[in-house]
Amino acid sequence: MKKRVLIGLSLTTPLAVNALNLQGSQTFTEEVNIPITHDFERSGTEVLAGINITSGSNTIFKNNVTINMSRDDIHNLESGVYIHGIRSLNGIGPQSSTVFDGDLNIGVKGENIDAIALLDKNSTVIINGKTTLTVDNPDDSDAIVVSKGNLILNGESFINGDIYAIDNGTVKINNKSIINGDIFTNFGGTVILDLAAGSKIVGEVSAFGDPDDPDYPGQDTTGIIKMNLAKGSSWEIVGDYSYITELSGQGDITFTNFTRSNNFGELVIENLKGASTFNLRTDIASQQSDKIIISKSSDTNRTVSAEGTHTINLINNGSAQTTGNEKLTLVEIDDNATNTAEFKTNHDVELGGYQYSLNKDGKDYVLTGKPITSSAMASAGFLNANYLMNYVETQTLLKRLGDMRTSGKFGDVWLRGFTGKLDSFSGGKLSKFDMSYHGFQFGADKQLSENSPFVIGAFVGQTYGNPDYRNGDGSLRSFNTGIYATYLDNSGFYIDSVVKYDRQKNHFKVKDTANNRIQGTGHSNGLGLSMELGQKFKINDFYIEPQTQFSYSHQNGNTINASNGLNVKLGNYYSLLGRASALFGYEYKSDKNSINLYAKTGIVREFDGDTYYKLNNHKESHSFKGNWWNNGVGINANFNQKHNIYLDLESSPGNKFDLLQVNGGYRYSF
């Protein structure tokens, strides 16, 4: 913390002069411009102040006052002695009053030169016009130094430099003010800021003394800083520590980048009121953040309190290395404080792949993990989308082979279309996944010979999915191709086998908790082998067909780099599906036409399907293991032994997903 040494400020010599020395009662009606009006730069004497206020004086400046002083222009001045634009020295005389009704503009350059320095407890300066104070060397000079005196700014003010109050000196700044500098008080010094809309403070603010200072054992070394920020005003905290006696109003308080060693800051408030908005930064992975502390210095006996409803704004950061299990305290409230305050956030904060909410823990407020973010769910949801799309495409192709057996006609060119919807996929943190889809498959097959029980064929297809994610949606495009073979015995026994390759492209676009649009894209390749065995038993025009199926597939993993910085790696996985079903049907045949009506039911089980996804390298397990029912009804009609039209409805409710699908298509036999 900055600590001004005031010794020597009152020193002067008989030879020292001031550009304007205020004595007695007087009123200035004309503009005053120092040094232009009082040309002291060429006087060859030592000048300690542009305007010097003596005890007992009463002065009114009706018009504007301008003071420009440079230390380089002052010759033979004792080293270490401060000079000032306006000053009042430590005095023992009567009260002095200086009022500026016009604008006051002070610019000072050089070392150890302050714009305003009131060092007389009986001196009061009031500025009713606009105040502009500029210090070009804030490390060695201040805009305002008040020790024992009183300074009141009633008009708009623009202050570039530090403000310092000590020894019961008081600074009151009202109206709209732009302050680019630090504000310090100690040993009873007071700064009261009652700032209108449009005001802005950029700097560190501290009323914290040093209770361990050996020069002042047992003394209250703190000062008082009361800040009331109207709605539309702001404070940017520069520095890793600020201490304020009272904060009220509806302003915005933001922790900014610091030039000091710590990347984050603390704001200690003795008394919090109003409805402020705090913009905090967090690094929850390293357990660091900006922090609000309702407490007080140990060397003061003032009360501590918190009241009002306050908002904490947090910035989403998809690149954070989080696990979802972290906790981080953002607001600490002393156990002895009177506390009715409430802190809330406008939205949960997204850090890495996890979402965190602000919760009360005793008197404190703590960030705690919630579900994964919308972008993480959408990225990892590609696992579900790819798995289910592969299942749909395989089952659709097996239906084609079933239609071929039912018609008894081989050597076809065929086209099959399908559409459906998958609802409520459950699977830990990736639950509530929905996807509608549609697609087609085109192929041709050939019987090896007229009396051969073998049929071989090839196919190609495209499927389009429209996944619904939390706070957004996406798209899925799957290209699939492969070969198939069927063995059909005269007894009704059959074996259908399929080898399939697929390439899937996923894209999502969602909104995060701050309503920012996030998107990402991923690609994946897969190979699969499926085999279905069954036996058809005919009873007149009716039949029953027990079936069993085994499908084995491998899907490659992929990586999604979301636009918010989140990196999601999807693991590859193996799937082993088993199905046991029975199909019940009715067949009617004439010379050239036939119709087949059927219903089926069965159970499907995933025996493998264990995989994972990583959210910025934090691994989460995921599994497709589970059971579901597979039910359906359909119709297959053949005309003139060449044209075949079919339609079926399928439902698959289960503990992992619910599927509702409509299949329809046309086949031409040649």
Inset, instruction - Mark yes or no for whether Ser199, through its side chain, and Ala196, through its backbone, hold a donor-acceptor pair below 3.5 Å. - result: yes
Inset, instruction - For residues Asn317 and Leu351, determine if any side-chain heavy atom of one lies less than 4.5 Å from a side-chain heavy atom of the other. - result: yes
Legend entry - Plane angle bin for Phe208 and Tyr243 - parallel if under 30°, tilted between 30 and 60°, otherwise perpendicular: tilted
Inset, instruction - Answer with yes or no whether the side chains of Ser88 and Ser123 bring together a donor and an acceptor at under 3.5 Å. - result: yes
Inset, instruction - State the NE2-NZ distance between His310 and Lys273, to the nearest 0.5 angstrom. - result: 11.0 Å
Inset, instruction - Take Asn567 and Asn616, measure what side-chain hydrogen bond (donor to acceptor under 3.5 Å, both in side chains) needs, and give me the verdict at the end. - result: CA-CA 5 Å; Asn567 177 275; Asn616 290 343; 6.0 Å; no
Legend entry - Side-chain (Lys363) to main-chain (Ala337) donor-acceptor, under 3.5 angstrom: yes
Legend entry - Shortest non-hydrogen separation from Gly251 to Ile253 and the atoms involved: O-CD1, 3.9 Å
Legend entry - Side-chain donor-acceptor pair present, Glu156, Asn175, cut-off under 3.5 Å: no
Legend entry - Under 3.5 Å side-chain donor-acceptor pair for Glu326 and Tyr356: yes
Legend entry - Check: Thr513/Asn316 side-chain N/O donor and acceptor closer than 3.5 Å: yes
Legend entry - Trace of the side chain to side chain contact (heavy atoms under 4.5 Å, CB included) decision for Ile183 with Tyr164: CA-CA 6 Å; Ile183 302 173; Tyr164 192 85; over 6 Å; no
Legend entry - Main-chain N/O of Asp364 paired to Asp361 side chain as donor or acceptor, under 3.5 Å: no
Legend entry - Between OG on residue Ser206 and CZ on residue Phe184, distance to nearest 0.5 Å: 6.5 Å
Inset, instruction - Check the pair Thr221, Asp299 against side-chain hydrogen bond (donor to acceptor under 3.5 Å, both in side chains), reporting the backbone distance first and the verdict last. - result: CA-CA 7 Å; Thr221 60; Asp299 64 347; 2.9 Å; yes
Legend entry - Check: Leu118 and Val145 side chains under 4.5 Å, non-hydrogen atoms: no
Inset, instruction - Flag yes if more than 12 heavy atoms outside Arg302 fall under 6.0 Å of its CZ atom; otherwise flag no. - result: yes
Legend entry - Side-chain ion pair, Asp136 and Lys109, N-O less than 4.0 Å: no
Legend entry - pair Leu153-Ile159: side-chain heavy atoms closer than 4.5 Å: yes
Legend entry - Donor-acceptor under 3.5 Å (Ser297 side chain, Thr300 main chain): no
Inset, instruction - Let me know which of Thr254, Thr345, Asn279 forms a side-chain hydrogen bond (donor to acceptor under 3.5 Å, both in side chains) with Asn313. - result: Asn279
Legend entry - Heavy-atom side-chain contact between Phe61 and Val32 under 4.5 Å: yes
Inset, instruction - Report yes or no: do Ser177 and Ser157 form a side-chain donor-acceptor pair below 3.5 Å? - result: yes
Inset, instruction - Go through the steps to decide whether Val205 and Asp182 satisfy the test side chain to side chain contact (heavy atoms under 4.5 Å, CB included), and finish with yes or no. - result: CA-CA 6 Å; Val205 173; Asp182 299 333; over 6 Å; no
Legend entry - Test item: side-chain donor near acceptor, Thr134 and Asn160, under 3.5 Å: no
Inset, instruction - Hey, can you tell me if His618 and Tyr354 have their rings parallel, tilted or perpendicular (30° and 60° cut-offs)? - result: perpendicular
Legend entry - pair Gln321-Asn617: side-chain heavy atoms closer than 4.5 Å: yes
Inset, instruction - Examine the side chains of Ser357 and Asp348 and answer whether a donor and an acceptor come within less than 3.5 Å of each other. - result: no
Legend entry - Reference residue Ile173; test side-chain contact (heavy atoms from CB on, under 4.5 Å); the match among Ile163, Ile201, Ile192: Ile163
Inset, instruction - Keeping the roles fixed (side chain from Asn122, backbone from Ser55), state whether a donor-acceptor pair exists under 3.5 Å. - result: no
Legend entry - Any side-chain heavy-atom pair of Val65 and Phe100 under 4.5 Å: yes
Legend entry - Nearest heavy atoms of Ala165 and Val171, plus distance in Å: CB-CG2, 4.5 Å
Inset, instruction - Hey, could you give me the CG/CG distance between Leu330 and Asp290, rounded to the nearest 0.5 Å? - result: 9.0 Å
Legend entry - Residues Asp334, Ile294; criterion side chain to side chain contact (heavy atoms under 4.5 Å, CB included); working and verdict: CA-CA 6 Å; Asp334 191 279; Ile294 309 300; 5.7 Å; no
Inset, instruction - Walk me through it: do Lys148 and Asp120 pass the test salt bridge (Lys or Arg N to Asp or Glu O under 4.0 Å)? - result: CA-CA 6 Å; Lys148 303 181 179 66; Asp120 181 351; over 6 Å; no
Legend entry - Modelled atom types, side-chain donor and acceptor of Ser141 and Asp114, under 3.5 Å: no
Inset, instruction - Mark yes or no for whether Gln95, through its side chain, and Lys121, through its backbone, hold a donor-acceptor pair below 3.5 Å. - result: no
Legend entry - Backbone N/O of Ala341 and side chain of Asn339: donor-acceptor pair under 3.5 Å: yes
Legend entry - Backbone of Val331 reached by a side-chain donor or acceptor of Thr329 within 3.5 Å: no
Legend entry - Note, Thr59 side chain near Ser97 side chain (heavy atom, < 4.5 Å): no
Inset, instruction - Would you check if the side chain of Ser289 reaches a backbone N or O of Thr282 as a donor-acceptor pair within less than 3.5 Å? - result: no
Inset, instruction - Applying side chain to side chain contact (heavy atoms under 4.5 Å, CB included), run through Asn63 and Glu30 and close with a yes or a no. - result: CA-CA 6 Å; Asn63 218 316; Glu30 301 295 327; 5.5 Å; no
Legend entry - Heavy-atom pair with the smallest gap, counting every atom of Gln26 and Asn21: NE2-O, 4.4 Å
Inset, instruction - Taking all heavy atoms of Val510 and all of Ser374, pick out the closest pair and write down the distance. - result: CG2-OG, 3.8 Å
Legend entry - Lys226 atom NZ: more than 12 heavy-atom contacts under 6.0 Å: no
Legend entry - Ser248 and its side-chain hydrogen bond (donor to acceptor under 3.5 Å, both in side chains) partner, picked from Asn228, Asn271, Asp194: Asn228
Legend entry - Trp235 side, atom CH2; Ser276 side, atom OG - distance, nearest 0.5 Å: 10.0 Å
Inset, instruction - Without swapping roles, check the side chain of Asp240 against the backbone of Gly265 for a donor-acceptor pair under 3.5 Å. - result: no
Legend entry - Minimal non-hydrogen separation, Glu111 against Asn137, with atom names: CG-ND2, 3.6 Å
Inset, instruction - Calculate, to the nearest 0.5 Å, the distance between atoms CG and OG1 belonging to Asn33 and Thr66 respectively. - result: 5.0 Å
Inset, instruction - Check whether any side-chain heavy atom of Leu280 sits under 4.5 Å from a side-chain heavy atom of Leu314, and report yes or no. - result: yes
Inset, instruction - For residues Gly189 and Thr185, report the shortest heavy-atom separation together with the two atoms involved. - result: O-CB, 3.3 Å
Legend entry - Gap between atom CG of Leu104 and atom CD1 of Ile127 - 0.5 Å precision: 4.5 Å
